[in-house]
Amino acid sequence: MPTSAEAAVLAALDRVRDPEIMRPITELGMVRGVRVDEEGRATVSILLTIAGCPAARRIEADTLAAAESAPGVSSASVEVGVMSPAERKAFVERVRGDRGARPQQFGPDSLTRVIAVTSGKGGVGKSSLTAGLAVALAQEGLSVGLVDADVFGFSIPGILGLSRDGRTEQPTRLDDMILPPVAHGVKTVSIGMFLGDADPRTTAVSWRGPMLHRTIEQFLRDVWFGDLDVLLLDLPPGTGDIAISVGQLLPHAEVLVVTTPQEAAADVAVRSALVARQTGQRVLGVVENMAGLVQPDGSVVEIFGSGGGRLVADRLSDDEHGVVPLLGSVPLSPAFREGGDRGEPAVLSAPDDPAAAEVIRVARTIAAQGRSLAGRSLGIAPR
Ligand SMILES: Nc1ncnc2c1ncn2[C@@H]1O[C@H](COP(=O)(O)OP(=O)(O)O)[C@@H](O)[C@H]1O
Ligand SMILES: [Mg+2]
């Protein structure tokens with residue numbers, strides 16, 4: 001029987017979450033034991049999945065803080081151990097549940113909204129917007145995952161602060177399950193995390209279509225995202241192999257089109273959306289980026305012109321597909337760029353910045369739409 005102080009420590013430990021799995025360590029079987037002596041000194045033994053797991057220090061610190069906060073505890077210490085292979089197997093099963101047997105987490109019956117972000121050409125801010133939207137959606141309380149599928153131009157780890165000095169934070173591997181690092185509340189996986197020791201600043205990935213397809217397939221199958229409300233994909237620019245793979249692997253994905261106000265960018269953005277439509281995906285809407293820069297005196301400089309977002313939305317709207325909305329127009333903003341360069345997205349570090357505020361507004365619009373059931377099997381059989 002635990003003493004009342006021990007029960008209080010256990011209750012406090014319910015608030016400690018594994019940062020990668022985002023579930024309480026008590027529920028995950030990571031607490032081996034709790035002792036509190038007559039003096040009120042608490043000792044908590046926790047079990048990590050693997051030695052040197054990236055989350056170890058955080059879990060240890062959170063455990064210590066929780067134990068110290070429990071009523072009846074005067075001081076606390078934490079003993080850290082490592083799971084045996086059998087314990088780890090049980091852990092993986094507990095985390096993955098019956099989903100382990102399923103080939104893919106985001107198949108037709110999944111309730112996760114999958115949003116693939118596409119653009120015609122590179123450099124329009126697709127990755128910056130995708131990362132900003134992901135973080136903003138997580139701020140809205142949604143459970144969010146992000147797949148950086150831009151093989152040649154992966155940049156999400158940098159924007160989200162998972163990559164510093166040429167080192168990118170690595171996913172944790174537990175047998176055949178891959179746990180993605182969590183950045184600002186977003187479970188994130190990137191091609192850039194699978195380059196081994198190669199420096200991503202100087203490493204080119206030159207894979208052919210089938211290799212790309214297999215990699216995306218592996219991301220969707222072996223990376224454990226848990227129950228997500230939204231999965232965002234940062235696609236490479238254009239209408240290439242990955243867009244088609246995504247169409248095949250995730251036919252229920254919705255497509256968000258990013259373009260600049262410039263007409264030339266609008267043309268290619270429309271083409272990338274049409275390819276997505278050919279593979280059965282629905283166009284969720286258009287976001288214009290790099291719109292007019294607001295000057296200190298209030299005047300606006302339209303470096304890339306204006307109207308591109310509206311143009312793309314109008315061209316994609318028709319009788320067959322309905323109205324494709326222009327969800328927002330994000331202005332050029334030095335603070336927005338700097339946030340991405342520093343790995344601290346402006347939606348968190350500078351939410352009042354005009355660009356960040358517009359990204360947050362778009363995220364709220366998307367969050368308010370909820371899960372789309374269009375074209376989805378509801379699992380109801382006729383009698
Ligand atoms: N609204 C904006 N204001 C200022 N700079 C931006 C904005 N959006 C993107 N950028 C910057 O433009 C560059 C390209 O953006 P990025 O997101 O990498 O584009 P893409 O993924 O389309 O290639 C980056 O340096 C980024 O910081
Ligand atoms: Mg990019």
Side-chain angles (χ1 to χ4, degrees), residues 115-136 146-163 168 183 186 188-193 200-201 204-205 212 232-240 242-243 246 255-262 264-266 268-269 271-273 286-295 300-306 308-309 312 326-363:
I115 300 176
V117 186
T118 177
S119 69
K121 62 198 200 89
V124 302
K126 177 174 50 63
S127 301
S128 307
L129 289 190
T130 308
L133 285 172
V135 172
L146 172 48
V147 169
D148 178 4
D150 189 348
V151 200
F152 306 106
F154 58 87
S155 60
I156 293 290
I159 297 171
L160 288 180
L162 290 172
S163 191
T168 299
V186 178
T188 307
V189 65
S190 167
I191 297 265
M193 295 170 184
R201 292 173 297 190
V205 184
L212 299 179
L232 290 161
L233 293 117
D234 183 13
L235 297 189
T239 54
I242 294 239
V246 167
V255 174
L256 187 65
V257 183
V258 178
T259 189
T260 67
Q262 212 174 357
V268 283
R271 283 201 286 275
S272 75
V286 177
V287 179
E288 183 178 75
N289 187 31
M290 304 192 172
L293 176 72
V294 183
Q295 303 290 290
V300 176
V301 186
E302 291 180 329
I303 294 174
F304 293 109
S306 67
V312 173
L326 176 61
L327 294 170
S329 179
V330 178
L332 278 164
S333 146
F336 191 73
R337 178 192 58 72
E338 281 158 18
D341 287 350
R342 274 204 321 268
E344 289 164 23
V347 295
L348 285 180
S349 59
D352 296 331
D353 166 77
E358 182 69 351
V359 172
I360 293 170
R361 199 183 63 80
V362 172

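In listed order, ligands and their atoms are each counted from 1.
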| field | Taking every non-hydrogen atom, the tightest pair across Val330 and Glu358 | value | CG2-CG, 3.8 Å
| note | Near the Mg ion (ligand 2), meaning under 2.8 Å, the protein N/O/S atoms are Ser127 OG
| If only atom types and distance count, is the side chain of Ser272 paired as donor or acceptor with the main-chain N or O of Thr118 below 3.5 Å? | no
| Which residue, Val257, Val117, Val362, forms the side-chain contact (heavy atoms from CB on, under 4.5 Å) with Val287? | Val362
| field | Flag, side chain of Arg342 to backbone of Gly161, donor-acceptor distance under 3.5 Å | value | no
Show me a pair-per-line table, with atom names and distances to 0.1 Å, of protein N or O atoms that are under 3.5 Å from an N or O of ligand 1.
| from | atom 1 | to | atom 2 | distance (Å) |
| --- | --- | --- | --- | --- |
| ligand 1 | 1 (N) | Asn289 | OD1 | 3.0 |
| ligand 1 | 1 (N) | Pro331 | O | 3.0 |
| ligand 1 | 3 (N) | Ser333 | N | 2.9 |
| ligand 1 | 3 (N) | Ser333 | O | 3.4 |
| ligand 1 | 8 (N) | Asn289 | ND2 | 2.9 |
| ligand 1 | 17 (O) | Ser127 | N | 3.4 |
| ligand 1 | 17 (O) | Ser128 | N | 2.8 |
| ligand 1 | 17 (O) | Ser128 | OG | 2.6 |
| ligand 1 | 19 (O) | Gly125 | N | 2.9 |
| ligand 1 | 21 (O) | Ser127 | N | 2.9 |
| ligand 1 | 21 (O) | Ser127 | OG | 2.8 |
| ligand 1 | 22 (O) | Gly123 | N | 3.3 |
| ligand 1 | 22 (O) | Val124 | N | 3.1 |
| ligand 1 | 22 (O) | Gly125 | N | 3.0 |
| ligand 1 | 22 (O) | Lys126 | N | 2.8 |
| ligand 1 | 23 (O) | Gly123 | N | 2.7 |

| said: I'd like to know if the side chain of Lys121 and the backbone of Val268 have a donor-acceptor N/O pair within less than 3.5 Å. | reply: no
| said: Could you report the tightest heavy-atom contact between Glu288 and Leu326, atom names first, then the distance? | reply: N-CD1, 4.1 Å
| Leu232 and Val186: side chain to side chain contact (heavy atoms under 4.5 Å, CB included), yes or no, with the steps? | CA-CA 10 Å; Leu232 290 161; Val186 178; over 6 Å; no
For residues 150-158, please give each side-chain donor-acceptor pair under 3.5 Å, one per line with the distance, not counting sequence neighbours.
| from | atom 1 | to | atom 2 | distance (Å) |
| --- | --- | --- | --- | --- |
| Asp150 | OD1 | Gly153 | N | 3.1 |
| Ser155 | OG | Ser127 | OG | 3.3 |

| field | Ala183: partners by side chain to side chain contact (heavy atoms under 4.5 Å, CB included), with sequence neighbours left out | value | Leu160, Leu162, Thr188
